Each structure stands twice: as C-alpha cells, then as structure tokens.
Amino acid sequence: MMAKRYEAVFFDLYGTLIDIRTDEESPRAWNALYEALRDAGAEYADADGVKRAFNEGLARVLEGHGSDQWYEPDYIPVYQRMLADRGVAADENLARDMGRVFRRASTSLFRLYPGVMVMLDTLKREGVRAVLVSNAQSCFTRPELALLGLDKALDDILISSEESVRKPGAALFEHALRREGLTADQVVMVGNDSVNDIGGAKSVGIGGIYFNTEISPSGDTLTCDDALLSCRGADYDAMLEFVLRRR
C-alpha cells in the first residue's frame, strides 16, 4: 500500500527555525527583571530576591502537578504573584511585560536560520501545512514570532505553556493532530532535539526529521537513530526534498 502524502509538517521552534542563545542564570537578566518590577512599583531588595521570589512562585504553580511529568506551567501567574506580593495590581499585560523584559536581557543571539521563509513559502505553495509544536512560554514566544514574521508564515501554532503539556509528552502531538484533522502518517516532525522532538513524535507514530544544530542537546549525536532523516544543521533543502517527494 502506498504511503499517504504528507499533509503537514510539525516544526520545533528554537534551534529549528530560530537560532537563539539564552542564559536564564545570567545576573544581567535577573537585574533587568528587578529594575522592571521596581519601575512598576514592586519593590524587591535586590536581583537575588527577585530570583528567589520567581522560583518560589513557580513552585507554587507546580503544586498539584507532581505526578504529571509533562505538565507545562505558564509563567504569567508567577509574574502576577510577584507583582501582587508587592502591592501592585496583578495585571496580565504587565505580567507579560515582565516576562519579555527577562527574556530580552537573557538573550544574546536571536535570528531566523537562513532560508526559513523560502522553505515555508515552498510548503505553502505545495499545499503542505506548517504547524509549530514548541516547548516555550507564550509571554515571550508570541512576540518573538511576530517580530520575525513567523506568526503569519505558520498555519497553526501550539505552544506548550498554552496547552499545559510539553514535549516529549504524547498529548501535545496528539492535540496537534486533532487540530489539523490528520493521522500520524500524514505528518512529519522537524526538530533539533532527539528526545523531545523526534522521540516524542515517534511515540504517537509520527516520523521525524532531525536537525543537529548548535543548540541541540549536548548528548545528541550527529545522527538520530529514531529519525527518518538526519541533517547537519538546519538543512531545509534536504528536508523539503524528503517531504515533497512523498506526493
């Protein structure tokens, strides 16, 4: 029996479409958040106090989900609590601003990989949907997608913090399949993490294309045994050749 054609490509984001370097332990990032909170009227003693408050708030958000290893919290309630604990109205938009401040200060490199938009245009022209399936926090990922024009270029966007589940958990992939109205053999997953992207997709029957990029996990090798195709770097030409030959 001939395999069904691919109707959609599921994409990871960071390390697959976006080249990025972040350091969430950077003193610069925590100091920037301290200053942003202070400017909003939420006074903390110092940046270390802000970091402790964030970690404590995150721990409270995670309470009750200890048995769910793939649960993904949303950081917005954490920032809201940090504001409210210092007497500032816990406005969601202000909380999102805090997340963006921290993200910008913790990021040293942020750009599209060369050829992303041409590749997405090619998929669209060929009638193949491009769907983001990303482990990320929407408070900074949504603005980053808009900044780079990916929000318009992608056909659908699933972000783990909005779905409350993260890769490699099967639920995020299953939800993406339901939203697209497709079966696993009609989709291929493209990502730079052999466990979260390729292994997670395989758990629900979705084949994978592995990109070994600069921010792939240190334990990953140049080739992924679970992938249908392994590429050195974000090789969109090889990916397109593989996807489009199944017509």
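Computed from a prediction, not measured in an experiment: that's the story for all the values here. We number each residue from 1, following the sequence as shown.
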Enquirer: Could you walk me through whether Leu123 and Leu240 pass the side chain to side chain contact (heavy atoms under 4.5 Å, CB included) check?
Expert: CA-CA 8 Å; Leu123 290 177; Leu240 284 170; 3.6 Å; yes
Enquirer: Just do the side chain to side chain contact (heavy atoms under 4.5 Å, CB included) check on Asp74 and Gln137 with the steps written out, would you?
Expert: CA-CA 7 Å; Asp74 190 333; Gln137 288 292 318; 3.6 Å; yes
Enquirer: Apply side chain to side chain contact (heavy atoms under 4.5 Å, CB included) to Val131 and Arg179, showing your working.
Expert: CA-CA 10 Å; Val131 178; Arg179 284 228 313 225; over 6 Å; no
Enquirer: About how many Å separate OG of Ser161 and OH of Tyr75, when rounded to the nearest 0.5 Å?
Expert: 9.0 Å
Enquirer: Which residues pass the side chain to side chain donor-acceptor pair (under 3.5 Å) test with Tyr79, sequence neighbours left out?
Expert: none
Enquirer: Kindly compute the distance separating CE (Met98) from CG (Leu37), expressed to the nearest 0.5 Å.
Expert: 5.5 Å
Enquirer: Could you pull out the closest heavy-atom pair between Ala42 and Met82, with the gap in Å?
Expert: CB-O, 4.4 Å
Enquirer: Suppose we screen for side chain to side chain donor-acceptor pair (under 3.5 Å). Which residues come up paired with Arg81, at least two apart in sequence or across chains?
Expert: none
Enquirer: Heavy atoms, side chains only, cut-off 4.5 Å: are Thr223 and Tyr210 in contact?
Expert: no
Enquirer: How close do Ala234 and Thr16 get, counting heavy atoms only, and between which atoms?
Expert: CB-O, 4.1 Å
Enquirer: Same cluster or not: Phe10 versus Leu172, using hydrophobic residues (I, L, V, M, F, W, Y) connected whenever any side-chain heavy atoms lie under 4.5 Å apart?
Expert: yes
Enquirer: Would you say that Leu158 contacts Phe173 through its side chain, given a criterion of any heavy-atom pair below 4.5 Å between the two side chains?
Expert: no
Enquirer: With side chains defined as the heavy atoms from C-beta onward, is the minimum distance between Asp12 and Met189 less than 4.5 Å?
Expert: yes
Enquirer: If we only count heavy atoms from C-beta on, is the Glu35 to Val101 side-chain gap below 4.5 Å?
Expert: no
Enquirer: Which residue pairs pass the salt bridge (charged side-chain N to carboxylate O under 4.0 Å, His left out) test with at least one member in residues 204-227, sequence neighbours excluded?
Expert: Lys202-Asp226
Enquirer: According to a hydrophobic-cluster definition based on side-chain heavy atoms being under 4.5 Å apart (Ile, Leu, Val, Met, Phe, Trp, Tyr only), do Ile215 and Met239 belong together?
Expert: yes
Enquirer: I would like to know whether Arg142 and Ile157 meet side chain to side chain contact (heavy atoms under 4.5 Å, CB included); could you show each step before the answer?
Expert: CA-CA 9 Å; Arg142 290 282 181 181; Ile157 295 169; 3.8 Å; yes
Enquirer: Is a salt bridge present between Arg245 and Glu241, judged by a nitrogen-to-oxygen distance below 4.0 Å?
Expert: no
Enquirer: Taking distance alone, no hydrogens or angles, what donor-acceptor pairs closer than 3.5 Å link side-chain atoms of residues 108-116 to residues at least two apart or in another chain?
Expert:
{"residue": "Arg111", "atom": "NE", "partner": "Asp19", "partner atom": "OD2", "Å": "3.3"}
{"residue": "Arg111", "atom": "NH2", "partner": "Asp19", "partner atom": "OD2", "Å": "3.2"}
{"residue": "Tyr113", "atom": "OH", "partner": "Asp19", "partner atom": "OD1", "Å": "3.4"}

Enquirer: Considering all heavy atoms of both residues, which atom of Tyr6 and which atom of Val128 are nearest to each other, and what is their separation?
Expert: O-CG2, 3.8 Å
Enquirer: CG of Leu132 to CG of Asp155: how many Å apart, nearest 0.5 Å?
Expert: 11.5 Å
Enquirer: If you take all heavy atoms of Ser138 and Glu162, which pair is closest and at what distance?
Expert: CB-OE2, 3.1 Å
Enquirer: If a pair satisfies side-chain hydrogen bond (donor to acceptor under 3.5 Å, both in side chains) and one of its residues is in residues 45-66, list it, with sequence neighbours excluded.
Expert: Glu25-Lys51
Enquirer: Taking only residues two or more places apart in sequence, or in another chain, which ones meet Ala90 in a side-chain contact (heavy atoms from CB on, under 4.5 Å)?
Expert: Gln80, Ala84
Enquirer: Can you tell me how far apart CD1 (Ile18) and OG1 (Thr213) are? Round to the nearest 0.5 Å.
Expert: 12.0 Å
Enquirer: Taking only residues two or more places apart in sequence, or in another chain, which ones meet Arg232 in a salt bridge (charged side-chain N to carboxylate O under 4.0 Å, His left out)?
Expert: none
Enquirer: Are Val9 and Tyr236 connected in a single hydrophobic cluster, I mean Ile/Leu/Val/Met/Phe/Trp/Tyr linked by side-chain heavy atoms less than 4.5 Å apart?
Expert: yes
Enquirer: Any chance you could measure Thr141, atom OG1, to Leu13, atom CG, to the nearest 0.5 Å?
Expert: 6.5 Å
Enquirer: Mark yes or no for whether Trp30, through its side chain, and Gly49, through its backbone, hold a donor-acceptor pair below 3.5 Å.
Expert: no
Enquirer: So Arg129 and Glu180, do their side chains get closer than 4.5 Å, heavy atoms only?
Expert: yes
Enquirer: Return the minimal non-hydrogen interatomic distance between Leu228 and Gly207, and the atom names on each side.
Expert: CD1-CA, 3.7 Å
Enquirer: Out of curiosity, does Leu177 fall in the hydrophobic cluster containing Val165 (side-chain heavy atoms, cut-off under 4.5 Å, transitive links)?
Expert: yes
Enquirer: Considering only heavy atoms from C-beta outward, does the side chain of Ile209 approach that of Val243 to under 4.5 Å?
Expert: yes
Enquirer: Which residues pass the side-chain contact (heavy atoms from CB on, under 4.5 Å) test with Asp237, not counting sequence neighbours?
Expert: Asp235
Enquirer: How many angstroms lie between CZ in Phe140 and CG in Leu147, if you round to the nearest 0.5 Å?
Expert: 14.0 Å
Enquirer: Using a 3.5 Å distance criterion without hydrogens, assess whether the side chain of Asn135 forms a donor-acceptor pair with backbone atoms of Arg166.
Expert: no
Enquirer: Is Leu120 linked to Leu244 within one hydrophobic cluster, defined over Ile, Leu, Val, Met, Phe, Trp and Tyr using a side-chain heavy-atom separation of less than 4.5 Å?
Expert: yes
Enquirer: Any side-chain hydrogen bond (donor to acceptor under 3.5 Å, both in side chains) involving residues 143-152? Give me the pairs, sequence neighbours left out, ordered by first then second residue.
Expert: Tyr14-Glu144, Arg103-Glu144
Enquirer: Please name all residues satisfying side chain to side chain donor-acceptor pair (under 3.5 Å) with Asp85, sequence neighbours left out, ordered by chain then number.
Expert: none
Enquirer: Can you check whether Tyr34 and Phe54 have ring centres sitting under 6.0 Å from each other?
Expert: no
Enquirer: Sequence neighbours excluded, which residues qualify as side-chain contact (heavy atoms from CB on, under 4.5 Å) partners of Ala29?
Expert: Ser26, Phe102, Ala105, Ser106
Enquirer: Looking only at heavy atoms, what is the nearest atom pair of Val187 and Ile206, with distance?
Expert: O-CG2, 3.6 Å
Enquirer: Residues two or more places apart in sequence or in another chain: which of them pass side chain to side chain donor-acceptor pair (under 3.5 Å) with Asp193?
Expert: Asn196
